[in-house]
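Just so it is clear: chains get the letters A, B, ... in the order the sequence lines come, proteins before strands, and each one is counted from 1.
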Number of protein chains: 2
Amino acid sequence: MTINQNTFTGEYSYSLDAKGRVNIPAKFRNVLTAENDQSFVITRGMDPCVWVYPIIVWQSIEDELRKLSSLSQVNRSFVRSTVRYASSVQYDKQGRIAVSPNLIEYAQLEKEVLILGMVNKIEIWNPALLDSADKQSQEIDSSQFDELANQIIL
Amino acid sequence: MTINQNTFTGEYSYSLDAKGRVNIPAKFRNVLTAENDQSFVITRGMDPCVWVYPIIVWQSIEDELRKLSSLSQVNRSFVRSTVRYASSVQYDKQGRIAVSPNLIEYAQLEKEVLILGMVNKIEIWNPALLDSADKQSQEIDSSQFDELANQIIL
DNA sequence: GATTATTACCCACAACTACCCACAATGTAT
DNA sequence: ATACATTGTGGGTAGTTGTGGGTAATAATC
């Protein structure tokens with residue numbers, strides 16, 4: 001029996017090489033379906049990290065965006081901010097994708113990077129930033145955090 | 001007659017070998033349904049131990065997580081903390097799963113480990129930690145503990 | 001159009017993992 | 001009591017995975 005399709009979990013420590021390439025963990029590659037192939041959409045995360053979507057997941061986001069009327073200023077602005085930094089990439093024979101200098105700068109990536117599975121997408125972090133970002137948000141919104149934890153039976 | 005499906009009970013003493021493998025008790029393997037097959041999700045427990053979910057149980061957790069919008073910072077942080085240390089494993093022909101160095105360190109596992117059935121999941125403990133952890137929490141929250149005990153007819 | 005920079009593709013290799021087999025200990029059936 | 005099956009534990013081997021670098025194709029610059 002196979003894993004849930006397109007579900008990413010776990011944390012992996014990899015290195016960003018001199019050419020700006022990072023490995024996609026083998027476990028993630030196996031999760032992808034045939035339609036997903038080797039195509040991803042890479043973009044800015046809402047946290048200081050890089051988001052990597054399997055193409056199939058990204059397409060469903062695009063479908064949602066299509067529904068938003070351009071008559072609304074907020075809609076226009078939202079679509080713009082969502083799509084602006086997104087570009088499609090494929091992984092090479094060794095399972096690596098290239099991260100653009102833009103994104104490397106945005107997420108402040110250095111040699112050592114942390115790859116996180118986030119259910120339907122993948123995050124690439126500078127390990128130092130991840131810890132502080134998460135600690136912060138859990139402290140600030142600790143009551144909301146607890147509420148979520150109570151709703152979901154682990 | 002068989003036990004309830006996917007229900008784990010009892011305690012078993014096993015050894016973690018040099019390659020970081022632990023046996024899944026035969027009694028647990030028999031409890032698994034066909035859909036569960038040999039797939040588990042292994043992750044950090046909320047106590048200093050390792051949690052092992054049958055894949056089917058874990059999927060229901062994932063389904064909840066999928067519903068949380070990534071626009072909310074708390075949601076992102078919550079999803080991250082839930083899936084960060086989770087990864088899927090299968091047991092080999094001898095019925096063993098591999099425990100990652102990360103998790104071994106977190107649960108301070110040594111050669112001798114205790115496997116506990118926890119109804120819908122399995123726990124792997126360093127025996128020394130288990131005793132002290134349980135004693136502690138029952139002392140601190142003894143009134144809450146009694147309340148729970150009253151609710152459930154044993 | 002020539003030169004340089006960037007990207008994509010390929011190969012190489014060390015480290016690791018998954019798979020297989022072996023065997024002793026325990027449990028079960030005849 | 002003996003034979004047989006199951007279970008827990010150890011280790012070897014072949015394939016996979018992560019990482020670096022080289023070369024050719026493409027794009028950018030002068």
Report the distance from atom [atom1] of [X] to atom [atom2] of [N], rounded to the nearest whole Å.
| X | N | atom1 | atom2 | value |
| --- | --- | --- | --- | --- |
| A/K93 | C/dC11 | NZ | P | 6 Å |
| B/N23 | C/dA25 | CG | P | 17 Å |
| B/I124 | D/dG8 | CD1 | P | 14 Å |
| B/I115 | D/dT9 | CD1 | C1' | 14 Å |
| A/E112 | D/dG18 | CD | C1' | 14 Å |
| B/Y91 | C/dC20 | OH | C1' | 17 Å |
| B/I97 | D/dG8 | CD1 | P | 13 Å |
| B/K27 | C/dT26 | NZ | P | 17 Å |

- [ ] Check side-chain contact (heavy atoms from CB on, under 4.5 Å) between A/Q136 and all other residues, then give those that pass, not counting sequence neighbours.
- [x] none
TODO: Taking atom types as modelled, find out whether B/Q90 and B/S39 have a side-chain donor-acceptor pair closer than 3.5 angstrom.
DONE: yes
Open item on the list: What I want to check is whether the side chains of B/R66 and A/T7 have a donor and an acceptor closer together than 3.5 Å.
Closed with: yes
For the pair [X] and [Y], name the ring-plane relationship: parallel under 30°, tilted 30 to 60°, perpendicular over 60°.
| X | Y | result |
| --- | --- | --- |
| A/F40 | A/Y91 | tilted |
| A/W58 | A/Y53 | tilted |
| B/Y14 | B/Y12 | parallel |

Task: A/D47 and B/R80 ion-paired at < 4.0 Å - done: yes
Open item on the list: Generate the contact string for nucleotides 20-26 of chain D. Rules: B means base contact, S means sugar-phosphate contact only, - means no protein heavy atom under 4.0 Å.
Closed with: BBB----
TODO: Choose from D/dT9, C/dC10, D/dT17 the nucleotide whose nearest atom is closest to any side-chain atom of A/A26.
DONE: D/dT17
TODO: Would you mind telling me which residue lines up with the more 5' stretch of DNA chain C, B/P101 or A/P101, judged by nearest nucleotide?
DONE: A/P101
- [ ] For B/Y12 and for B/D92, locate the closest nucleotide of DNA chain D by heavy-atom distance; then report the residue assigned to the nucleotide nearer the 5' terminus.
- [x] B/Y12
